Protein chains: 2
Amino acid sequence: MTEKQERILETALSLFAKDGFSATSTSKVAREAGVSEGLIFRHFENKEGLLNAILENGRQKLTVIFDSIHHLEEPKEILRRVIELPLTIDEDQRPFWKLLYALKWQADVYDDSMSNPMKDILIPVFEALNYHQPELESELVMVLMDGMASHILLKRSGNVEDIKELIFKKYDL
Amino acid sequence: MTEKQERILETALSLFAKDGFSATSTSKVAREAGVSEGLIFRHFENKEGLLNAILENGRQKLTVIFDSIHHLEEPKEILRRVIELPLTIDEDQRPFWKLLYALKWQADVYDDSMSNPMKDILIPVFEALNYHQPELESELVMVLMDGMASHILLKRSGNVEDIKELIFKKYDL
DNA sequence: AAACACTAAGTGATTACTCACTTATCATAG
DNA sequence: CTATGATAAGTGAGTAATCACTTAGTGTTT
């Protein structure tokens, strides 16, 4: 990975997240990255290839987080970690998440790859906690997390920490 | 409102919702609507004006629904209606909601106009039901609804009706 | 006849992408 | 050590197509 290659990925992610994928031109990415436009196509073949490289990059970091949760033993500890996941997104990861959430609505792009691993984590938790409908409870938590993530990524004021505590209370965590 | 004018609004909404605002060209809207491209600019001034006309159109229908809930008396009945709102989106309203949710992520566009009216409805409900933190509970419900709406609009399988029932049970509705 | 709805053929700017070319990297042969 | 040559990295000026938008003009209503 060249330095210029990384610059392209970095500024493309930032621009895609801020203005949207199709509203961001390759020429703008090149200009902002201080690179010739041709270089983008040399390294990433086309605009979509650039997007895929960005997504693949982010997905790898994601797997690490998932695995670290999966290795925990105590069910309530796992549930706590899962629920507060949206709150643990740190500043430099935000553009990636914004891009991911924006792309969901982009027709063809939508990707459920995060959904199943999460279910695999949550269902055993609710089984261990003797909930009546573990699968349904898992889906509900995932819906909640989706809402929380949107809430946080779009910076809608409110105190997210308090909402988290409220959810913890409801699940007796 | 001319027939062609309505055709433009209708097909533009459909295309914006399917492919995104900036990925949809005015020429495509015109072609699909069976109309000359110039007509779009005559009636709506520019592409953004077309978008605003679509949004204004939808917002008016929205106000009607909000008011009908606001006029109810029984707190639990209100809460029930609010929570099942995402499930009552019928097929011909879906494109509007998809567009609205997609636009949230479009940087400059985001619009909180739905948030405050909803809070005004929910806070009195939780006060009447003697919840400890009415405002926080309202925010949580709104976050949940946001998640549910995404879930439904993106057609992620699962049984939304069952999830709704589970939520009802948790709020003792 | 005046306002209105509408079309067809434009406008310059910008789009994603290509191509011919130069420069840097680096292993191996003399 | 240096020269050679292959490969990858990078440039900048192109390309046709498409973009949002305009303009000049044609029918239709009132």
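From a predicted model like this one, the values you see are computed outputs, not experimental measurements. Note that these values count all heavy atoms, side chains included, but never hydrogens, waters or copies made by symmetry. Proteins come first, then strands; the chains are lettered A, B, ... in the order of their sequence lines, and each starts at number 1.
- Minimum atom distance to the side chain of A:F41 is reached by C:dT18, of the listed D:dA9, C:dT18, D:dC21.
- Of the candidates A:Q5, A:E6, A:K4, A:Q5 is the only one forming a side-chain hydrogen bond (donor to acceptor under 3.5 Å, both in side chains) with A:T2.
- Taking atom CZ of residue A:R7 and atom C1' of nucleotide D:dA9, one finds them 15 Å apart after rounding to whole Å.
- Here B:S22 lies out of heavy-atom contact (under 4.0 Å) with every strand.
- Residue A:L39 contributes atom CG, which lies 16 Å from atom C1' of D:dA13 at whole-angstrom precision.
- Taking both residues in full, the closest heavy atoms of B:Q106 and A:D19 are given as NE2-O, 3.8 Å, listed atom of the first, atom of the second, then distance.
- Neither OP1 nor OP2 of D:dC19 sits under 4.0 Å from any side-chain N or O of B:K28.
- Checking D:dT11, C:dC17, C:dC6 against the side-chain heavy atoms of B:R42 singles out C:dC6 as nearest.
- Between the CZ atom of A:F16 and the C1' atom of C:dA16 there is a distance of 12 Å, given to the nearest Å.
- For the pairing with A:T26, the side-chain hydrogen bond (donor to acceptor under 3.5 Å, both in side chains) check across A:K47, A:R31, A:E37 returns one residue only, A:E37.
- Between A:T2 and the phosphate of D:dA8, there is no side-chain N or O to OP1/OP2 separation shorter than 4.0 Å.
- The nucleotide whose nearest atom lies closest to any side-chain atom of B:N46 is, among D:dT11, C:dA5, D:dC21, D:dC21.
- The side chain of B:K47 sits closest to D:dC21 out of D:dC21, C:dC6, D:dG10.
- When distances are taken from the side chain of B:S25 to each of D:dT22, D:dC19, C:dA5, the shortest belongs to D:dC19.
- Here C:dC4 presents its P atom at 17 Å from CE of B:M1, a figure rounded to the nearest Å.
- Atom-to-atom, CD of A:Q5 to P of D:dT11 comes out at 12 Å; the value is rounded to the nearest Å.
- A 4.5 Å side-chain heavy-atom check between A:H132 and A:E137 finds every atom pair outside the cut-off.
- At the phosphate of D:dC19, OP1 or OP2 sits under 4.0 Å from a side-chain N or O atom of B:S27.
- Closest to the A:H43 side chain, of the nucleotides D:dT11, C:dC17, D:dA9, is D:dA9.
- Ranking D:dA20, C:dC17, C:dT7 by closeness to the B:S36 side chain, first place goes to C:dT7.
- A cation-pi geometry, defined here as NZ or CZ lying under 6.0 Å from the six-membered ring centre and within 45° of its normal, does not hold between B:K61 and B:F96.
- Across the protein-nucleic acid pair, A:E3 atom CD and C:dT23 atom P stand 20 Å apart, rounded to whole Å.
- B:E37 has its CD atom 12 Å from the C1' atom of C:dT11, to the nearest Å.
- A straight line from CD of A:E45 to P of C:dT18 spans 8 Å, rounded to a whole angstrom.
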